[in-house]
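Working notes, structure below.
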Amino acid sequence: MLITVNGKQKEFDKGANALDIFKELDKEAGKGAIAARLNGELVELMQPLTEDGTLEPIGFEDDGARHVMRHTASHVMASAVKTLFPGAKLAIGPAIDNGFYYDFDMPEPLTPEDLPKIEKEMQRIIKRNHREERFTLPRVEALKLMEEMNEPYKVELINDLPEDEELSFYRQGDFVDLCAGPHLPSTGRIKAFKLTSLAGAYWRGSEKNKMLQRVYGTAFNDKESLEAYLQQIEEAKKRDHRRLGRELDLFDLMEEGPGFPFFYAKGMVLRNILEDYWRKIHRKAGYEEIKTPLILNRELWEQSGHWENYRENMYTLKIDDEDYAIKPMNCPGGILAYKRRLWSYRDLPVRVGELGLVHRHEKSGALHGLMRVRAFTQDDAHLYMTKEQIKDEIMGVYHLTNQVYQAFGFPYKVELSTRPEKSVGTDEMWELSTQALKDALDELKVPYTINEGDGAFYGPKIDFHLQDSLGRSWQCGTLQLDMNLPDRFDMEYVGPDGEKHRPVMIHRTVLGSMERFIGILTEHFGGAFPLWLAPVQARILTITDRANEAARALKEQMEEAGLRVEIDLRNEKIGFKVREAQMMKIPYMLVIGDREAEEGTVSLRSRQGANVNGLSHQELIETMQKEADSRSLSPSWQAEARDK
RNA sequence: GCCAAUAUAGCUCAGCUGGUAGAGCAACGGUUUCGUAAACCGUAGGUCAAGGGUUCGAGUCCCUUUAUUGGCUCCA
């Protein structure tokens, strides 16, 4: 077979491996390689090759190669666990985004103290530099081997694999594992790793199955990169919204109300700014706003199907011996509002927004700061339209969502979820609405991934995902076509033919929930909100109490101009006051001492470190107003202005 | 809900194998009036998450409950 490496070509016997080929054709190229690509396909360095092509060495900077190393690390870990705890049964152990894990069924549960022991044993295995030998077995032999080795989970896996295939295994020293690969040529090529946490995980991801123990770890090309990664995780924890919420006095959760967050004065300022902004752009986009009741009777929830299907997630109560529920969704109330009158096709589309407070009894283990709560305000809206209007409305919602995310500088991911197994509605309707979502996304040239079968039972949906400081992804915006409720509630409009027709309904949020969005926002900015969002935009700091009067006058002037200002007249040194304002991440610190008091100016210091002395009150106020009004993400006074 | 861990002053944390609670910051009182990330001295502050048990004696050991954290499952 003819192999090319970096433009050099040579004929090799079939079965030659990448490692040997690199040695022969381009020694340098092979040196840092972890794996290789043959015609773009990932191959192991030791894997016998059988076809012509171009071979490229790939190192740790390549995602595929990183995956290979981490996958091998998971095998090394499994091997170490088997050595230390011979009763452990192996489940599965893949590489994941930032590392790897392996699931074990342990005779005695692992404790956090076991992790260093496992690491030590892994170190030993790596030092011995075992080769990763691949071999294949026909299914029957494979089953026999796993039964002999007493690995019931592997037996189950094999039984579920397709009949005719040969199954591949990897052996490193005494350790053998059923595995598709690929792997590093030998364990010694793992340069830096760390076991990061211990968790529970259901066998095959189903809560009906036994819970296994999962050990998470990560591996890197060198110790420095590993350290840098761990350091980065530590840094990210400082941006955790739960911590910042308390430190910046924005919001918090208390034991007395699990999943029911408190918003304090500063958090409310932020929240109200968001709501104002939300109302403004929705008015512009042709939405009206309504408010529907928090509590509605059982009959309504029976009609919507919630009483039957989601009862255990709803808070219910009795009023005058009748059953009621606190709303888990706004749509049934919104639909009642729609049905208050008869609509003409000329009225459509109708876009009705609601900042609706909903309550859902989330499982205790699912709660997570502001990201997953039991009471939250959805920035909901329901759009009612004819079939012909679907695509335009979808595009309209997308534009609105995109505009909002851009205003905050959020990167986001779009997912399209299609018809699930259990669903309502006709094939025709599913086809029509799924196609409408696809068409809209394609026409907008939005990159998206498809989650097959992940849609709501009543319709397909588009979800917008944002990331928190640790890279966990949270659904915020959503756009769902609903083919269930219009039927259940017998909704109609009168068409040009004078007949009654069923409107199509879109259910959507842009921010998702105010709570989650504020959580994401807090982490995104690390608490250092841009001026237009900052609960406190400036703090006036006096140097001595001779400046108090000038400081008070400035505060009054700024408040008159609509700016949010605090004043620090305490008998403390200026360094102390600056430090506190800095820790509160206040955008601008305005220092007034004898000099400024006399001149009627201020010395400005931004939290990013820009300094401007002798600034007039007029210029200060006008510039700040301009920055806030434009919703700018960067400060008016940059660090370069220092020399001014 | 499940697996594991954690819960000590407003915050961050110390308190080894059981002998009756400690620091820094914050708060309060005083001194200091100071030029850009922590002035100094002093005072007060705790049913050690809640409940039960073992023990002469429990913050420490055991059980139950609650909450939180990391995952899993779930997220209409």
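So you know, we letter chains A, B, ... as the sequences are listed, proteins then strands, and number each from 1. If you're wondering where the values come from, they're calculated on a predicted model, not measured in any experiment.
Here the shortest heavy-atom pairing between A/Ala78 and A/Leu90 reads CB-CD2, 3.9 Å.
B/rA7 and B/rC63 have their P atoms separated by 15 Å, given to the nearest Å. Nucleotides B/rA49 and B/rG10, compared at atom P, are 12 Å apart to the nearest Å. Between the C1' atoms of B/rC75 and B/rG1, the separation comes to 14 Å (whole Å).
Within residues 211-219 of chain A, the residues that have a heavy atom under 4.0 Å from RNA chain B are, in order of number, A/Met211, A/Arg214, A/Tyr216. Taking every heavy atom of residues 238-249 of chain A and every atom of RNA chain B, pairs under 4.0 Å involve A/Arg242, A/Arg246, by number.
Look at CD on A/Glu256: it is 12 Å from P on B/rA50, rounded to the nearest Å. In this structure, A/Phe104 atom CZ and B/rA4 atom P are separated by 16 Å, rounded to whole Å. The separation between A/Leu198 atom CG and B/rG71 atom P is 13 Å, rounded to whole Å. Rounded to whole Å, atom P of B/rG70 lies 13 Å from atom CD of A/Glu234.
Between A/Tyr588 and A/Trp637, the angle of the ring planes goes over 60°, which puts this pair in the perpendicular group of the 30/60° scheme. Aromatic ring pairs are classed by plane angle as parallel below 30°, tilted from 30° to 60° and perpendicular above 60°; the pair A/His306 and A/Trp301 is perpendicular. The aromatic rings of A/Tyr405 and A/Tyr412 sit perpendicular, their planes meeting at an angle over 60°, well past the 30° parallel limit. Classified by interplanar angle (parallel below 30°, tilted 30° to 60°, perpendicular above 60°), the ring pair A/Phe251/A/His241 is tilted. Aromatic ring pairs are classed by plane angle as parallel below 30°, tilted from 30° to 60° and perpendicular above 60°; the pair A/Tyr315 and A/Phe260 is tilted.
Judged purely by atom type and a 3.5 angstrom limit, A/Arg214 has no side-chain atom pairing as donor or acceptor with the backbone of A/Ala199. Side chain of A/Glu572 to main chain of A/Lys577: no donor-acceptor pair is present (N/O by atom type, distance under 3.5 Å, no hydrogens or angles).
Residue pairs meeting the side chain to side chain donor-acceptor pair (under 3.5 Å) criterion with at least one member in residues 364-383 of chain A, sequence neighbours excluded: A/Arg271-A/Thr377, A/Trp278-A/Asp379, A/Asn330-A/Gln378, A/Asn330-A/Asp380, A/Glu362-A/Arg372, A/His382-A/His507.
Judged as a salt bridge (charged side-chain N to carboxylate O under 4.0 Å, His left out), and not counting sequence neighbours, the contacts of A/Arg204 are A/Glu156, A/Asp160.
Under a cutoff of 6.0 Å and an axis angle of 45°, A/Arg70 and A/Phe100 do not form a cation-pi pair.
No side-chain heavy atom of A/Arg605 sits less than 4.5 Å from a side-chain heavy atom of A/Leu541.
At the heavy-atom level, A/Asp545 lies under 4.0 Å from base atoms of the strands shown. Counting non-hydrogen atoms under 4.0 angstrom, A/Ala199 reaches a base of the nucleic acid.
Judged purely by distance below 3.5 Å, without hydrogens or angles, the side chains of A/Glu452 and A/Thr418 pair a donor atom with an acceptor atom.
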Please write out the pairs of protein N or O atoms and N or O atoms of nucleotides 74-76 of chain B separated by less than 3.5 Å, giving the distance to one decimal.
| unit_1 | atom_1 | unit_2 | atom_2 | d |
| --- | --- | --- | --- | --- |
| B/rC74 | O2 | A/Arg372 | NH2 | 2.7 |
| B/rC74 | N3 | A/Arg372 | NH1 | 3.1 |
| B/rC74 | N3 | A/Arg372 | NH2 | 3.4 |
| B/rC75 | O2 | A/Arg372 | NE | 3.4 |
| B/rC75 | O2 | A/Arg372 | NH1 | 3.2 |
| B/rC75 | O2 | A/Arg372 | NH2 | 3.4 |
| B/rA76 | O3' | A/Tyr458 | OH | 2.8 |
| B/rA76 | N7 | A/Arg360 | NH1 | 3.3 |
| B/rA76 | N6 | A/Arg360 | NE | 3.1 |

Per-nucleotide protein contact string for nucleotides 34-43 of chain B, where B marks a base within reach and S marks sugar-phosphate only (heavy atoms under 4.0 Å, - for neither): BBBBBB----

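On a pure distance criterion of 3.5 Å, a polar donor-acceptor pair joins the side chain of A/Tyr202 and the base of B/rG1.
Pairing of B/rG45, defined by two Watson-Crick or G-U wobble distances under 3.5 Å, is not identified with any nucleotide. Checking B/rC40 for Watson-Crick or G-U wobble geometry (two distances, each under 3.5 Å) identifies B/rG30 as its partner. Figure legend. B/rA4 is base-paired to B/rU69; pairs are counted as Watson-Crick or G-U wobble with both atom distances under 3.5 Å. With a cut-off of 3.5 Å on both pairing distances, B/rC74 has no Watson-Crick or G-U wobble partner at all. With a cut-off of 3.5 Å on both pairing distances, B/rC16 has no Watson-Crick or G-U wobble partner at all.
Between A/His368 and B/rG70 there is a side-chain polar atom (N or O) within less than 4.0 angstrom of OP1 or OP2.
Note on A/Arg595 versus A/Glu599: no salt bridge recorded, every NZ/NE/NH1/NH2 to OD/OE distance being 4.0 Å or above.
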